[in-house]
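Worksheet for the structure shown next.
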Amino acid sequence: MKINQYERALQLVMLMLRGIPNPTPEIIPQKVKLVLDMLRAEGNLEKVDEDRLIRDIESRCEIWKEKATVLKDKNNHEVWLPYYKTQIKWKFWKRYERYLMEVEGRSEQYVMHFDELTDSALEHLEYPLKEGSWDRRGMVVGQVQSGKTSHYTGLICKAADAGYELIIVLAGMHESLRNQTQKRLEKEFIGYEKISWSSEEKNRRVGVGEFFDENISPPYSLTCSDENENGDFNRKIVSHMGVILGGNDPVILIVKKNKSVLTNVINWAISFHGIKDPKTGRKVVRNIPLLLIDDEADNASVNTNLVPFDENGIPLEDYDVTAINGKIRKLLNHFEKSAYVGYTATPFANIFIYPEGETLAHGEDLFPRDFIVNLPTPPNYIGPVKLFGFPSENELGFDENKDEKGLQIIREIKTSDYEKDIPDKHKKYHVPEKIPNSLKEAIKSFVIASAARMARGEQNNHNSMLIHVTRYTAVQEKIGQLVSEEVQFLRRQMEYTDQNDPEGVYKDLEKLWYCSKSNFWAKSYLDYPETTKDVKEQIKDLLIKEISWEEVKYFLFEAVSRIKIKLINGTAKDAALDYSKHPKGLSVIAIGGDKLSRGLTLEGLTVSYFLRASRMYDTLMQMGRWFGFRPGYIDLCRLYTSPDLVKWYKYIALASEELRSEFDYMAAYNSTPSQYGLRVRTHPDNLLITAVNKMRNGTVMDISYANSIVETVIFPQEENELKNNLDVIDQFIFNLGPKFTTNGNKILWRDVPSQQILQLLDEYIVHPDSRKVAPKPLKEYIEKQMVKGELKSWTIALINKKNAKHTYPFELFKPNEIGMPERNHSLSNGRMIDRKDEYVDLTQEEFDEALRRMKSDPYRKSRTSKEPTDPSGPYIREVRSPEKGLLIIYPLDLEIKGFEKGLPVIGLAFSIPGSRNAEKVQYTVNNTYREQEFDS
């Protein structure tokens with residue numbers, strides 16, 4: 001494998017650092033100097049940036065300590081990995097380890113940690129040599145573009161070593177993604193490039209296969225990366241290859257989620273190896289352990305047909321399921337020994353799979369009943385929270401008290417700039433006459449970013465730009481033509497214009513480098529130099545280097561000359577993005593829709609222009625191809641999008657992190673996947689968690705309110721309902737009486753019996769979209785805990801804002817008035833509570849204990865080196881006695897049309913303590929719920 005001098009130097013230094021647990025800033029420069037001197041002595045005179053090499057290695061040696069958290073069901077599963085670990089010859093895994101260190105330049109510390117992360121999934125599969133029939137179902141959850149493919153590659157290597165004989169990877173819906181996955185696994189597991197269906201001799205060694213001193217028989221690949229024909233599974237061709245399952249070497253298939261392909265795989269497997277089961281009449285493949293990896297498991301794999309029930313509420317034994325879901329289940333059902341592992345960054349649809357949805361024809365559904373592994377976020381990962389930010393008043397244990405602002409690389413575009421050319425709701429025959437000015441600027445930003453990376457010494461790196469503005473291929477094609485014309489125009493202008501011309505293109509680019517305002521932006525932004533400084537303050541990236549405009553200017557023409565335009569859709573002839581064919585770097589503007597929304601990796605993505613709207617959490621997250629790793633150039637990246645999409649992404653970032661936080665909390669209490677509370681936050685602007693048809697089968701959910709904050713963020717819009725709530729609270733406070741104390745801006749009543757809270761929930765009107773505050777399940781939970789001797793009493797806190805703009809004379813306090821706290825009308829960040837309000841009822845000892853737990857929690861989501869000075873929600877609720885709850889009343893200063901100005905809108909927040917004896921209450925998601933909640 002041919003590498004440049006920088007990469008060779010990097011590999012040699014990383015090899016020298018093996019065996020050194022924590023390479024210090026003093027050791028690394030010594031090793032770098034030693035290697036560079038050695039290369040010069042050999043006559044290798046290619047210049048290597050020594051300073052950049054040192055910073056690169058320091059970044060790679062950063063220790064990553066976070067462990068995966070796991071929800072698991074211990075029933076019917078014996079712990080096997082510790083007993084067989086020393087007996088298994090880890091030939092595929094050791095070869096992959098070597099590839100990661102010697103080719104990818106990973107540190108030894110990284111690989112050791114990665115070994116643990118892959119074991120966290122492997123140990124929950126069944127031991128492949130175990131006798132009898134067994135079937136394991138699980139899921140691995142990681143962030144978008146955060147290394148899930150590497151994780152399942154490592155899992156495949158280990159599973160093959162342990163004895164899994166057939167490995168099938170379901171690699172998305174499109175051939176471009178399947179082909180990309182095929183090439184990735186050829187490098188990292190198979191070891192040879194299977195470029196055609198012809199003989200093996202014509203297929204060269206790649207990746208792990210280039211370690212010639214490793215005497216390893218390669219696995220058989222029954223799919224290929226043929227670009228001239230479909231390289232997916234072809235039963236007719238495979239039948240003539242003479243590959244027999246159950247031999248000495250594992251067999252792997254990388255296939256699309258396609259009905260006919262999966263049908264062919266099933267028929268091939270059972271026709272050659274199936275034995276008829278006398279009890280069921282079904283052909284079963286015996287003694288050939290199957291590992292099925294389902295990449296993007298929430299896409300197409302979930303049954304979106306309704307599960308029918310009989311009059312007793314029991315699911316019927318047979319019913320129709322969606323095509324892909326049915327084929328995956330049938331495939332698993334035909335194997336005596338099988339393990340299914342779904343991988344996704346957006347598990348919302350998967351956790352709504354009905355666990356009991358089994359049919360005679362298809363077998364059990366794909367609910368991850370046995371385990372869910374939540375992968376930690378790598379330290380250098382740029383994800384939704386880091387990019388978009390969100391208010392710190394949340395339940396996730398973050399350290400800061402100020403709003404998390406996100407990275408200053410987003411450029412919000414005014415609707416008026418693009419609406420005429422690319423309307424939000426255009427038809428498939430829409431013909432844009434020109435591209436918006438904001439898109440022209442985005443293209444210039446891409447040229448600047450590419451040139452700046454060259455100026456930083458990254459001259460052979462890939463650079464990509466994403467344009468995602470429509471789902472329609474005909475409109476994409478027209479956009480592609482217009483973008484191509486714009487790039488050609490820029491190239492000609494740079495070639496024939498004097499660089500010092502005050503009206504020329506170089507001056508335009510210089511203005512963009514320094515300018516912090518354009519007339520189509522929604523607000524002012526930092527320019528490139530200031531953005532670099534700001535990003536360096538927010539994230540630790542040793543490779544980010546401040547550069548001058550003159551350094552960037554030198555590479556501008558080369559940067560624009562390299563650009564290629566690619567359409568990535570089902571009709572485009574050049575849909576495949578093969579970066580491996582461009583050793584000196586591919587610079588591409590990729591224009592597409594659905595194909596760009598799932599799994600497809602855009603190497604070196606620097607600029608994204610994204611206008612397509614979706615109202616679903618998972619779709620929006622998957623469309624975010626800009627998440628991932630951007631070492632040394634995140635400050636040069638730009639995301640051009642609408643203000644609404646920025647607002648939605650901030651909220652989804654909060655919802656996703658809250659889901660992961662809930663996951664970690666449940667794992668700490670040894671919960672199982674079937675007990676997962678599914679407390680996915682609903683969105684006040686009616687964003688959907690996932691597609692309606694993916695949620696309809698979540699017919700019954702068991703939820704628990706233990707260690708949760710339940711608050712109103714959506715309010716009734718009818719005057720009589722708002723007035724009812726005000727009157728109810730006024731009477732409720734009056735009944736509490738004058739025996740109260742004050743704590744800052746809070747008026748407190750202690751030891752209020754739970755019966756008064758239950759009565760309040762009967763009378764207070766909740767907006768139907770505030771599902772989390774639905775009175776019926778909340779009341780049921782409180783009543784169940786009361787029977788156990790918990791939640792017997794409550795502290796009531798009324799917020800009384802000092803120096804408020806408006807006040808209200810509650811009956812109990814007349815003639816004095818209560819100050820009304822202000823909130824934005826929509827509460828679009830999904831928060832009403834100020835987190836400091838939540839510890840108002842704690843003793844000093846309880847406060848100190850909550851803060852100590854927060855500081856010592858290894859899973860705390862900290863984004864700052866500063867020590868927290870006050871605890872956040874989960875830790876507060878952990879130390880509060882299970883016998884006591886907290887209700888916070890907010891008389892909000894909100895304007896709602898039709899409601900008399902000056903009257904408070906009453907918001908309620910229930911802070912419910914943690915409990916090891918928490919009861920679950922049944923929550924039914926039926927068609928009525930679905931229509932009310934999601935079909936509006």
Side-chain angles (χ1 to χ4, degrees), residues 145 382 387-388 406-413 417-418 422 435-456 458 461-469 476 479-480 482-484 486-487 489-491 505 508-509 511-513 515-516 518 520-521 525-528 531-532 535 544 547 552 555-556 558-568 577 579 585-592 596-597 600-612 623-642 645-646 649:
Q145 302 274 87
I382 306 297
L387 181 58
F388 289 97
L407 298 178
Q408 301 302 298
I409 63 174
I410 299 169
R411 301 294 178 261
E412 297 179 20
I413 313 165
D417 174 72
Y418 65 83
I422 312 173
I435 57 175
N437 288 328
S438 54
L439 180 50
K440 291 181 180 180
E441 182 186 288
I443 294 169
K444 291 176 181 176
S445 295
F446 179 54
V447 175
I448 288 175
S450 302
R453 291 190 71 192
M454 292 180 189
R456 286 178 176 173
E458 300 178 27
N461 292 72
H462 304 301
N463 291 288
S464 301
M465 175 179 176
L466 161 69
I467 299 177
H468 191 159
V469 295
Q476 292 168 18
I479 293 289
L482 295 171
V483 168
S484 181
E486 180 67 17
V487 172
F489 173 75
L490 278 175
R491 187 185 299 127
V505 66
D508 285 344
L509 292 167
K511 288 178 182 176
L512 180 56
W513 176 261
C515 181
S516 59
S518 289
F520 46 77
W521 289 353
Y525 298 100
L526 302 176
D527 57 28
Y528 276 88
T531 298
T532 296
V535 168
I544 293 178
I547 49 177
V552 175
F555 291 101
L556 287 173
E558 183 180 352
V560 76
S561 300
R562 286 189 180 190
I563 295 174
K564 297 180 182 295
I565 313 297
K566 291 268 190 178
L567 290 179
I568 311 295
L577 271 175
Y579 291 94
L586 173 63
S587 190
V588 62
I589 297 178
I591 302 164
L596 287 176
S597 300
L600 197 66
T601 299
L602 297 173
E603 300 285 352
L605 181 61
T606 50
V607 176
S608 300
Y609 190 89
F610 180 72
L611 297 179
R612 252 188 85 183
M623 285 179 173
R625 297 290 95 194
W626 46 82
F627 303 131
F629 303 96
R630 304 287 182 269
Y633 64 97
I634 183 60
D635 60 311
L636 304 173
C637 295
R638 295 294 181 266
L639 168 57
Y640 289 80
T641 191
S642 68
L645 278 165
V646 171
Y649 268 110

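Quick caveat, the model's predicted, so the values are computed rather than measured.
In the model, Glu412 has no side-chain atom that pairs as donor or acceptor with a side-chain atom of Tyr640 under 3.5 Å.
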CA sep, side-chain torsions, deciding dist, call: Arg411, Leu639, side-chain contact (heavy atoms from CB on, under 4.5 Å): CA-CA 6 Å; Arg411 301 294 178 261; Leu639 168 57; over 6 Å; no

Please report the C-alpha distance between His468 and Ser608 in whole Å, then the side-chain angles of each, then the deciding distance to 0.1 Å, and finally whether the side-chain contact (heavy atoms from CB on, under 4.5 Å) criterion is met. CA-CA 8 Å; His468 191 159; Ser608 300; over 6 Å; no

Working for side-chain contact (heavy atoms from CB on, under 4.5 Å), residues Arg453 and Asn463: CA-CA 9 Å; Arg453 291 190 71 192; Asn463 291 288; 3.0 Å; yes

Output, in order, the C-alpha distance, side-chain angles, deciding distance and verdict of side-chain contact (heavy atoms from CB on, under 4.5 Å) for Arg456 and Ile547. CA-CA 8 Å; Arg456 286 178 176 173; Ile547 49 177; 4.0 Å; yes

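Taken to the nearest 0.5 Å, the CD1 atom of Ile422 stands 9.0 Å off from the CG atom of Leu482. From Leu586, atom CG reaches atom OG of Ser464 across 6.5 Å, with rounding to the nearest 0.5 Å. Put simply, OG on Ser445 and CD1 on Ile409 are 11.5 Å apart, with the number rounded to the nearest 0.5 Å. From Asp527, atom CG reaches atom CD of Gln408 across 12.0 Å, with rounding to the nearest 0.5 Å. Between Ile410 atom CD1 and Leu645 atom CG the span is 10.5 Å, to the nearest 0.5 Å. To the nearest 0.5 Å, atoms CG (Asn461) and OG (Ser587) are separated by 11.0 Å.
For the pair Tyr528 (side chain) and Cys515 (backbone), a donor-acceptor distance under 3.5 Å is absent. At distances below 3.5 Å, at least one donor-acceptor pair connects side-chain atoms of Thr641 with backbone N or O atoms of Phe610. Asp417 contributes a side-chain N or O that, together with a main-chain N or O of Ser438, makes up a donor-acceptor pair within less than 3.5 Å. The closest donor-acceptor contact from the side chain of Arg630 to the backbone of Leu605 lies under 3.5 Å. Checking side-chain atoms of Thr531 against main-chain N and O of Leu526 turns up a donor-acceptor pair under 3.5 Å. Side chain of Arg638 to backbone of Ala442: no donor-acceptor contact under 3.5 angstrom is found.
Heavy atoms only, all atoms of each residue included: Ile565 and Gly480 are closest at CG2-O, 4.1 Å. What you find for Leu611 and Ser642 is that their closest heavy atoms are CD2-N, 4.5 Å. Closest heavy-atom contact between Ala451 and Ala559: N-CB, 3.8 Å. Summarising the geometry of Tyr633 relative to Ile544, their closest heavy-atom pair is N-CG1, 4.5 Å, with the distance given to 0.1 Å. Pairing each heavy atom of Ile591 with each of Gln476, the nearest pair is CG2-O, 3.9 Å. Here the closest non-hydrogen pair linking Tyr418 and Ile413 is CD2-CG2, 4.0 Å.
The number of heavy atoms from other shown groups lying within 6.0 Å of CZ (Phe629) is above 12.
Applying the side-chain hydrogen bond (donor to acceptor under 3.5 Å, both in side chains) criterion to Trp513, with sequence neighbours excluded, gives no partner residue.
Residues Leu466 and Val607 form no side-chain contact, since every pair of their non-hydrogen atoms from C-beta on lies 4.5 Å or further apart.
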